[in-house]
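Because only heavy atoms are used, hydrogens play no part in the values below, and waters and symmetry mates are left out as well, while side chains stay in. Chain naming here is simple, since letters A, B, ... match the order of the sequence lines and numbering starts at 1 in each.
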Number of protein chains: 2
Amino acid sequence: MNSNNVTIYDVAREAGVSMATVSRVVNGNPNVKPTTRKKVQDAIDRLGYRPNAVARGLASKKTTTVGVIVPDISNIFFADLARGIEDVATMYKYNIILGNSDSSRDKEVHLLNTLLGKQVDGIIFMGGRLHEDLVEEFKKSPVPIVLAATLNQGYDLPAVNIDYEQAAYDATHMLINHGHDRVGFITGPLEQQINGEKKFAGYRRALEDAGLPFHENDMILGNYTYASGLEAMQKMLQRDDCPKAIFAGTDEMALGVIHAIQDAGYSVPNDFEVVGHDNTRLATMIRPKLTTVVQPMYDIGAVAMRLLTKILNAEEIEEKNVVLPHRIERRDSLRQD
Amino acid sequence: MNSNNVTIYDVAREAGVSMATVSRVVNGNPNVKPTTRKKVQDAIDRLGYRPNAVARGLASKKTTTVGVIVPDISNIFFADLARGIEDVATMYKYNIILGNSDSSRDKEVHLLNTLLGKQVDGIIFMGGRLHEDLVEEFKKSPVPIVLAATLNQGYDLPAVNIDYEQAAYDATHMLINHGHDRVGFITGPLEQQINGEKKFAGYRRALEDAGLPFHENDMILGNYTYASGLEAMQKMLQRDDCPKAIFAGTDEMALGVIHAIQDAGYSVPNDFEVVGHDNTRLATMIRPKLTTVVQPMYDIGAVAMRLLTKILNAEEIEEKNVVLPHRIERRDSLRQD
DNA sequence: TTGAAAGCGCTAACAG
DNA sequence: CTGTTAGCGCTTTCAA
């Protein structure tokens, strides 16, 4: 009845076979006579035997556990990603050890080493940018590492992303197409590969292609949060030449932007038009509903985990650097065409 | 240089000591001569030795890993809880294996067994209600289990919660105090211990204490989501005798409620007053800002994990059934007194 | 203060 | 189809 301290050896004795046979039954090895299999299975049930994964891991050098390093699981964006990872992991019989890094280089390195010490079979990493030290550690890793929603910055690491530069271009372009000759850009720190560099590059390219100048003033850097979006827009509203179109780097910031506009007595989309980024659930939880770039977080997580399983199984891999499609979901924060 | 396949034995040879001594150094055992310690440490650094936690786990029967079972990590509520758990876990050198159950009894049982198979040192469980089968498994668990934001339904399980019945009472009472003789109640499935039973009980008690009758019609059951809150309120608005005060079981539903009201051309709080529950970040991400019951999710997670560490360390425990304080945060979805 | 040796529970050849 | 036998890398007595 007890399910603990019962070992494979106990089962072997109870069933009158060797532990090797029990191991075969437990692992679904076909080379076991049906009669024997049944005998063993009965003994297992009777004793309530549960294989010890730690012992198995030591003997087989596989733990069926993968590490997941995420900046902050309480961020809706990463939570969605994590869910995609976990679902596919479960599908392939893996478990997830989850760790929050707060995007701190030290915590990232420390977490990585802890996970490797725990002998995970692979790692999925999410982070704002890849610090050199980290990449050094990655290179020394005995197990494969896949990046999710994180650019590989030229390093030879498998990664799953969308084309952030193009997405920002599309969003900005859409705003320009609505007749704006200035577009405000509110996003995260510029040092961040995706939210800073890439989105900024797309924004600038859209401006350039439209023959519009880039005004330093039209860009405000926050930290992704609602509060920082609100604050940034409040600041922008104080200017006489405030842009009437805003592209926000994340949905959360976009909500802040919209509320700042509304709090100041203006209307979205009549006075101001706003486009967000990510299409988190927040996008429809506001009035007007938010037009936003669709980044399929769940899918990115799922595809990243699937990619990792392929690497672990030595399956053939077409492309290690996966770029998922993006699009813009039109809602009411933009005027009808 | 390489950090893998280097074993304690290699270090021992390199340092000219026995593996027992290396083990002592690695584990900070004080009974090692400083000279020896240094010699070993140097060898460790030179070889890039990283202890194998799996082997250690097998030998010591401790994995410094705890399992966390959560209905859905992509739900902002549980993501916050998980963050609290993880932070305290890290503080005490534990890692977290995270699994989503989708509140399915089968998945819960399966996950539990997988975690026990992986020899976790303890488990933190979150779920809508404790199914009998699950409790049976809990009883057989060789490691301690702590419930977080989950009622122990009379079973003798350590748990961390707030007083949900009283919280619902307080919210309803506050609405009644604002002059309403009817209060709409929109929450999750009644089978759920917390969101159904407890909150319902508090709601009814507040009504009773105020001498108000309970109208079956005034209660609508959804599924916690924004969409279900929106839909429920739309339905309620079609009635001639629609209550002008609404208590929503979760913030997300409350946002849906407010938007349904606004979409119908009414004002919050002038025409309708709304109170939510949880005080997730959503509460301030809406206009008017949401008055809501503060349930400290992060703290519940943190305290649950701390409680687990106490049990694991056999520290003295004052109270196994922890009830954290709650309060109502007044914001603009309620009229000024 | 240090070393020798016996496991922890399981997998994986290798025989038979 | 089944059993024997080494380990996997580490902790933990027990002696010295």
Side-chain angles (χ1 to χ4, degrees), chain A residues 2-41 43-44 47-65 114 116-121 142-143, chain B residues 2-41 43-44 47-65 114 116-121 142-143:
Chain A
N2 191 323
S3 50
N4 206 43
N5 71 16
V6 171
T7 75
I8 198 172
Y9 186 73
D10 298 323
V11 175
R13 191 156 23 73
E14 172 84 10
V17 300
S18 74
M19 50 187 290
T21 299
V22 178
S23 176
R24 290 191 186 95
V25 171
V26 169
N27 293 298
N29 185 319
N31 294 349
V32 181
K33 206 199 316 182
T35 343
T36 315
R37 179 182 304 284
K38 170 132 185 28
K39 223 168 36 179
V40 172
Q41 192 57 58
I44 286 175
L47 266 39
Y49 169 68
R50 176 194 296 129
N52 180 324
V54 172
R56 184 184 291 195
L58 183 59
S60 70
K61 301 191 169 300
K62 287 191 188 346
T63 54
T64 61
T65 301
T114 303
L116 292 177
K118 297 230 168 175
Q119 312 302 119
V120 294
D121 293 337
V143 301
Chain B
N2 191 324
S3 50
N4 207 44
N5 71 19
V6 171
T7 75
I8 198 172
Y9 186 73
D10 298 323
V11 176
R13 190 156 24 75
E14 173 84 9
V17 299
S18 75
M19 51 189 287
T21 299
V22 178
S23 177
R24 290 191 185 94
V25 171
V26 169
N27 293 298
N29 184 318
N31 294 350
V32 180
K33 206 197 321 179
T35 343
T36 314
R37 179 182 304 284
K38 170 130 184 31
K39 223 168 37 178
V40 172
Q41 192 56 58
I44 287 176
L47 265 38
Y49 168 68
R50 176 193 296 130
N52 181 325
V54 172
R56 184 182 292 193
L58 182 59
S60 70
K61 301 194 169 297
K62 289 195 185 343
T63 55
T64 60
T65 301
T114 304
L116 292 178
K118 296 231 169 175
Q119 312 300 121
V120 294
D121 293 338
V143 301

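Chain B approaches DNA chain C over the interval C:dT1 to C:dG9, counting the first and last nucleotide 5' to 3' with an atom under 4.0 Å from its heavy atoms.
Residues A:Thr7 and A:Asn52 fail the side-chain proximity criterion, which asks for heavy atoms closer than 4.5 Å. Residues A:Thr63 and A:Asp121 are in side-chain contact: their nearest non-hydrogen atoms beyond the backbone lie under 4.5 Å apart.
Across every non-hydrogen atom of B:Glu14 and B:Ala43, the tightest pair is CG-CB, 3.6 Å. Contact between A:Met19 and A:Ala12 at its shortest, heavy atoms only, is N-CB, 3.7 Å. Annotation for B:Asn5 and B:Asp10: closest pair O-OD2, 3.5 Å, computed over non-hydrogen atoms. The two residues A:Leu58 and B:Val54 have their closest heavy-atom pair at N-CG1, 3.5 Å.
Atom C1' of nucleotide D:dC10 and atom CG of A:Asn52 are separated by 14 Å, given to the nearest angstrom. B:Arg56 places its CZ atom 13 Å from the C1' atom of D:dT12, with the value rounded to the nearest Å.
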With a 3.5 Å cut-off and sequence neighbours excluded, list the donor-acceptor pairs that the side chains of residues 32-40 of chain A form with protein atoms.
| unit_1 | atom_1 | unit_2 | atom_2 | d |
| --- | --- | --- | --- | --- |
| A:Arg37 | NH2 | A:Asn29 | O | 3.0 |
| A:Lys38 | NZ | A:Asp42 | OD1 | 3.2 |
| A:Lys38 | NZ | A:Asp42 | OD2 | 2.8 |

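Summary of helix geometry: the two end axes of the helix from C:dT1-D:dA16 to C:dG16-D:dC1, each defined by five base pairs via their C1' atoms, are inclined to each other by 30° (rounded to 10°).
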(request) For the pair B:Val22 and B:Val17, evaluate side-chain contact (heavy atoms from CB on, under 4.5 Å) and give the outcome as yes or no after the intermediate values. (result) CA-CA 7 Å; B:Val22 178; B:Val17 299; 3.8 Å; yes

(request) Output, in order, the C-alpha distance, side-chain angles, deciding distance and verdict of side-chain contact (heavy atoms from CB on, under 4.5 Å) for A:Val26 and A:Ile44. (result) CA-CA 9 Å; A:Val26 169; A:Ile44 286 175; 4.0 Å; yes

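Checking the phosphate oxygens (OP1, OP2) of D:dT11, a side-chain nitrogen or oxygen of B:Ser23 falls inside 4.0 Å.
Nearest-nucleotide positions on DNA chain C place B:Met19 closer to the 5' end than the other of B:Met19 and B:Lys61.
For the atom pair OG (A:Ser60) and CD (A:Gln119), the distance works out to 11.0 Å, reported to the nearest 0.5 Å.
For residues 9-18 of chain B, proximity to DNA chain C is found at B:Val17, B:Ser18, defined as any non-hydrogen atom under 4.0 angstrom from a strand atom. Taking a 4.0 Å limit (strictly below) on heavy-atom distances, residues 25-36 of chain A reaches DNA chain C at A:Asn27.
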Protein N or O to nucleotides 13-16 of chain D N or O, pairs below 3.5 Å:
none

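Residues A:Lys118 and B:Thr65 have side chains that bring a donor and an acceptor to within less than 3.5 angstrom of each other.
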